[in-house]
Amino acid sequence: MFKDFDYDRLPVVDIVNEMIIDAANKNASDIHFDPTPTILKVRIRVDGELVNYAEVPENVKNPLITRIKIISGMNITESRLPQDGAIKNIIEGRDLDLRVSTLPIVYGEKVVIRILDYSMSTNGLDSLGFSPKNYEKVRKMIEIPNGIILITGATGTGKSTTVYSMLQILNTPERNIITVEDPVEMKLTGINQVQTMSEIGLTFASALRSILRQDPDVIMIGEIRDDETARIAVRASITGHLVLSTIHTNNSLNTIERLLDMDVERYLLGSALAGVISQRLVKKLCPKCRSSRQASDYEKNVFKEVLGMDITDIYTPVGCEECLDGYKGRIAIQEVLGIDQTIRDAITNNIRKEELRKLVYGENATITLLEDGLMKVIEGLTSFEEILRVIDIEDDFGNEDVNIKNALLGKRAEEVPTEVEETPAVEEVVDVNDDELKEEDAELALPNDEDIETLEEGAENIVDEEDSLESVDEPIDLLEVDDDSSDELDSLDLQDSEIDLL
Ligand SMILES: [Zn+2]
């Protein structure tokens with residue numbers, strides 16, 4: 001990945017252009033320019049991971065930052081305050097849409113360029129990695145005339161891509177589709193998209209109230225972040241509209257709980273909810289170099305417990321010149337919960353979470369994220385390690401899933417009584433291979449219990465959040481938009497808002 005530029009001879013304009021083009025060609029999502037006491041360190045994020053890309057010498061450091069600020073429309077005389085900008089341009093024949101933010105740090109200005117790339121969603125719903133069974137469920141879900149469908153996952157799990165792909169299918173002349181988004185990430189012809197502007201009072205909730213007077217058939221809400229939006233969304237969906245939205249929870253069960261916490265009336269949610277799609281992104285094995293290896297006893301046991309299958313060989317990452325450490329691109333693993341009458345009644349009648357869990361995963365036979373992920377390991381799409389990285393042993397399973405939990409923790413069910421003992425075993429499972437990353441995360445993870453429990457696997461997610469944090473524009477926005485500040489992650493999402501840029 002590392003690239004050496006001829007800093008002495010190339011004009012700074014060309015260096016910046018080449019860095020941006022090259023990063024975009026490498027499918028990077030972000031470019032980071034980190035000032036140090038001497039050089040300017042450049043890193044790019046590819047498939048969710050930050051990798052070193054270049055080192056800009058001291059004499060080119062400032063001109064390079066200034067150049068980026070000029071092309072993104074920032075004030076170059078201001079370097080003490082954070083700024084936001086955008087680059088919408090054709091550079092070397094490539095149509096680019098970039099969001100740029102600066103943050104004054106002790107060694108100068110840190111710049112992060114986010115490269116907006118929507119190529120994934122234009123490929124359609126069937127390219128998102130849904131298993132045939134889940135794909136059928138999703139297709140059926142979006143055919144209903146009213147109800148609410150929620151797509152859940154943390155930041156950077158491809159929620160927007162899934163929502164846009166669903167909208168593309170619904171986008172026919174006989175439907176009036178209106179969205180309210182922050183930001184509008186992809187412009188779709190035939191769909192009426194509203195960009196919120198909280199500074200002038202155009203919030204999700206106020207926009208929604210107006211949208212309801214615009215005779216909509218389908219409403220898409222970029223994200224449900226506050227109680228009021230949640231309530232309007234649910235009410236809209238029981239009055240003859242199909243509502244699509246995303247919410248920051250990690251699985252179907254938690255989504256139901258979260259909505260109830262948001263003051264959505266139980267009986268309304270029971271009748272409104274049509275489905276929940278939970279998703280996470282894992283790195284895709286490079287098809288050029290992946291190789292087959294024998295599964296370890298631990299892996300065999302996990303396959304046996306989770307899927308009831310005897311697996312002897314699985315694919316493993318190798319690495320070639322076309323990929324990064326054996327991985328290339330990412331693929332989603334999903335859990336698709338279609339709401340049937342039994343689950344509807346259960347929500348309305350306030351049954352215990354454990355009972356609801358049994359209905360969802362037992363009778364309803366919803367394929368869990370772990371099951372879907374392991375199937376994708378068998379198919380050679382991703383690796384066992386990747387699935388383990390994104391599965392949250394505490395949060396994804398109930399108390400009755402003792403055998404699965406133990407399998408994941410590397411224990412045999414009969415060795416342990418009913419009590420699950422995580423702490424010591426966790427360390428056996430975790431494959432800590434990146435000391436630097438770990439060190440960084442130790443600090444970052446502190447305010448966030450949820451992520452602490454995700455073992456080292458959470459590391460990347462946390463870095464993602466950190467990354468997002470770096471692109472925060474005005475901190476005021478964070479404070480004012482989210483009154484549900486109990487969920488820190490949610491408010492982190494807000495910095496995606498590039499209101500001023502559009
Ligand atoms: Zn490869």
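Just so you know, ligand 1 is whichever comes first in the structure, and atom 1 is the first atom listed for that ligand. Numbers here simply count residues along the sequence, with the first being 1.
A donor-acceptor pair shorter than 3.5 Å cannot be found between the side chains of D401 and Y361.
Within 6.0 Å of CD in Q294 there are 12 or fewer heavy atoms belonging to other residues, nucleotides or ligands. The 12-atom threshold is not exceeded at NZ of K284, counting heavy atoms of other residues, nucleotides or ligands nearer than 6.0 Å.
For D14, the side-chain contact (heavy atoms from CB on, under 4.5 Å) partners two or more places apart in sequence, or in a different chain, are L10, P11.
Formation of a donor-acceptor pair under 3.5 Å by the Y298 side chain with backbone atoms of L408 is found in this model.
In this structure, I331 and V282 have side chains that are in contact, with non-hydrogen atoms separated by less than 4.5 Å.
The Zn ion (ligand 1) has C286 SG, C289 SG, C320 SG, C323 SG as its protein N, O or S neighbours under 2.8 Å.
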